[in-house]
2 protein chains.
Amino acid sequence: MDVDTGNVTGEAAPRRRNAASTREAILRSAKIAFTRYGYDGIGVREIAQGAGVTAMLVNRYFGSKELLFAETVESVFAEPTLLTNDAATLSRFVAATLAGDESDENDHVDGFLLMLRSVSNPRAADILRDSIERHFEQQLAALLPGPDSHERVALFLSLIAGFQLMHNVLDSAAMTRADPAALARRLGVLFQQLLDPAPA
Amino acid sequence: MDVDTGNVTGEAAPRRRNAASTREAILRSAKIAFTRYGYDGIGVREIAQGAGVTAMLVNRYFGSKELLFAETVESVFAEPTLLTNDAATLSRFVAATLAGDESDENDHVDGFLLMLRSVSNPRAADILRDSIERHFEQQLAALLPGPDSHERVALFLSLIAGFQLMHNVLDSAAMTRADPAALARRLGVLFQQLLDPAPA
DNA sequence: GTCTATATAATGATAGAC
DNA sequence: GTCTATCATTATATAGAC
């Protein structure tokens, strides 16, 4: 199983004998591999192969698979994605992104996929919970004024996670048979219901 | 790691030397173990131990771990849960069940937990997708008249799955800090939005 | 009908050479 | 800085005894 870090994307091969760039290459390979296969679904050998090195260097530079995963998660959730938008445009933006074709590289999607495919491992879940709380939930609650902000944030994230789970991970028939445009419309209504500070 | 099939629930120990009841005991242990730890998170040894037998009998009676999982999934999703209700009461019922204490045995919850914790494994995902489509989505779509029934079913299942993921699997801080009553209220509003045949 | 013992393969991690 | 070789553990699955 090759990971295909995408040597097409940039810097070709001359990376050997450089600690910093080797570390980066491993981290990049790990991000792709963990996102695609989940924490339990990929081994350090394959991650190393995707970076063009041997498995030994993974432990050399990151200590263990678990520590590599922690740094991968941190790296993915550190870059702001959904939070860059204001509450007014957020619902449409997220709905369109989720329901749209998964062809182009949408980093928002990737962050959630990494979570969905790894959360069944308890140690990975601990790491994910901590990172998501630090980078997501607090800022998101501040972005949603009005009553029940905590509850609305929880449901907002639940809906994103659940949609991606059914659509990209389980690939459920209900999603497959659904019309993308209608899906985006219905999804947008739900998001607005959560983001608008209407009392309930 | 013991699975604790609950020898308290019924038939105590005198089950030895009986093919049918041994099969049942293994299946019951598998249901608990797969739901709690996911497909990759538990081994046949531990499942067998939870049934009071050795690992060999698992393969003897079910062929392989994968076939045991398939039969477990089928067994869990075969019993009707959400579908017993009519559309009118469904939104309140599901919202209250999800947001309520997870202390009592709610089988609805268990079915989704089994899915959430195993879907990261591709072979398990195939099994789950097939079973869910056969037992859930078709009947659910028939229960939801009005426009965009496929899309609304997809979002209905997404919301349930996502909520359980954030609440019971990831145990996210947004969920932990949320007020259960307010959560149930907001959740109910979202479900009604999907179940009511209002055009969009 | 169920067991002990084992085959085979894969995993994460490490030792030591260059 | 990176490699080859290996250790220790664990996994599923099977062979053969009783």
Peer 1: When you get a sec, tell me which of C/dG1, C/dG12, D/dT4 is the closest nucleotide to the side chain of A/M56?
Peer 2: D/dT4

Peer 1: Are B/L194 and B/L190 side-chain neighbours, meaning at least one heavy-atom pair lies under 4.5 Å?
Peer 2: no

Peer 1: Output the rounded distance in Å from CZ (A/R60) to C1' (C/dG12).
Peer 2: 17 Å

Peer 1: What is the distance, to the nearest angstrom, from the CG atom on A/L57 to the C1' atom on D/dT2?
Peer 2: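 Atom-to-atom, A/L57 to D/dT2, this comes out as 6 Å.
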
Peer 1: Provide, to the nearest angstrom, the distance between the CG atom belonging to B/D40 and the P atom belonging to C/dT11.
Peer 2: 12 Å

Peer 1: Once you round it to whole Å, what is the distance between P of C/dT8 and CG of B/N59?
Peer 2: 17 Å

Peer 1: Does the ring of A/F34 carry A/K65 above it, NZ/CZ under 6.0 angstrom from centre and within 45° of its axis?
Peer 2: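 Judged by the rule, A/K65 and A/F34 form no cation-pi pair.
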
Peer 1: Using a 6.0 Å distance limit plus a 45 degree cone around the ring axis, check whether B/R23 lies over the aromatic ring of B/F62.
Peer 2: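 Checked: cation-pi criterion met.
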
Peer 1: Pick the closest DNA chain C nucleotide for B/A20 and for B/A55 by heavy atoms, then say which residue is nearer the 5' end.
Peer 2: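 Taking each residue's closest nucleotide, the earlier one in sequence belongs to B/A20.
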
Peer 1: What is the distance, to the nearest angstrom, from the OH atom on A/Y39 to the P atom on C/dT11?
Peer 2: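 After rounding, the gap between these two atoms is 13 Å.
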
Peer 1: Could you state the atom-to-atom distance from OH of A/Y61 to P of C/dT14 in whole Å?
Peer 2: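 It is 16 Å, rounded to the nearest whole Å.
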
Peer 1: For A/D86 and A/T89, does a side-chain donor sit closer than 3.5 Å to a side-chain acceptor?
Peer 2: yes

Peer 1: Taking only Lys NZ, Arg NE, NH1 and NH2, and the carboxylate oxygens of Asp or Glu, determine whether B/R186 and A/E151 approach each other closer than 4.0 Å.
Peer 2: no

Peer 1: Closer than 4.0 angstrom, basic N to acidic O: yes or no for A/R177 and B/E137?
Peer 2: no

Peer 1: May I ask you to list the residues of residues 64-72 of chain B, by number, that have any heavy atom positioned under 4.0 Å from an atom of DNA chain D?
Peer 2: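 B/S64, B/K65 - these, ordered by number, are the residues of the stretch whose heavy atoms sit under 4.0 Å from the strand.
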
Peer 1: At less than 4.0 Å, is any side-chain N or O atom of B/T22 found next to OP1 or OP2 of C/dG1? Yes or no.
Peer 2: no

Peer 1: Any side-chain N or O of B/T54 under 4.0 Å from OP1/OP2 of C/dT2?
Peer 2: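 Looking at the OP1 and OP2 atoms of C/dT2, neither is under 4.0 Å from any side-chain N or O of B/T54.
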
Peer 1: In this structure, how many angstroms lie between the P atom of D/dT2 and the CG atom of A/N18, rounded?
Peer 2: 7 Å

Peer 1: Quickly work out the A/R45 CZ to C/dG12 P distance and round it to whole Å.
Peer 2: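 Taking CZ of A/R45 and P of C/dG12, I get 7 Å after rounding.
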
Peer 1: Within the 3.5 Å criterion, strictly below it, is a donor on B/E74 or B/H135 matched to an acceptor on the partner's side chain?
Peer 2: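 Result is yes, a qualifying pair exists.
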
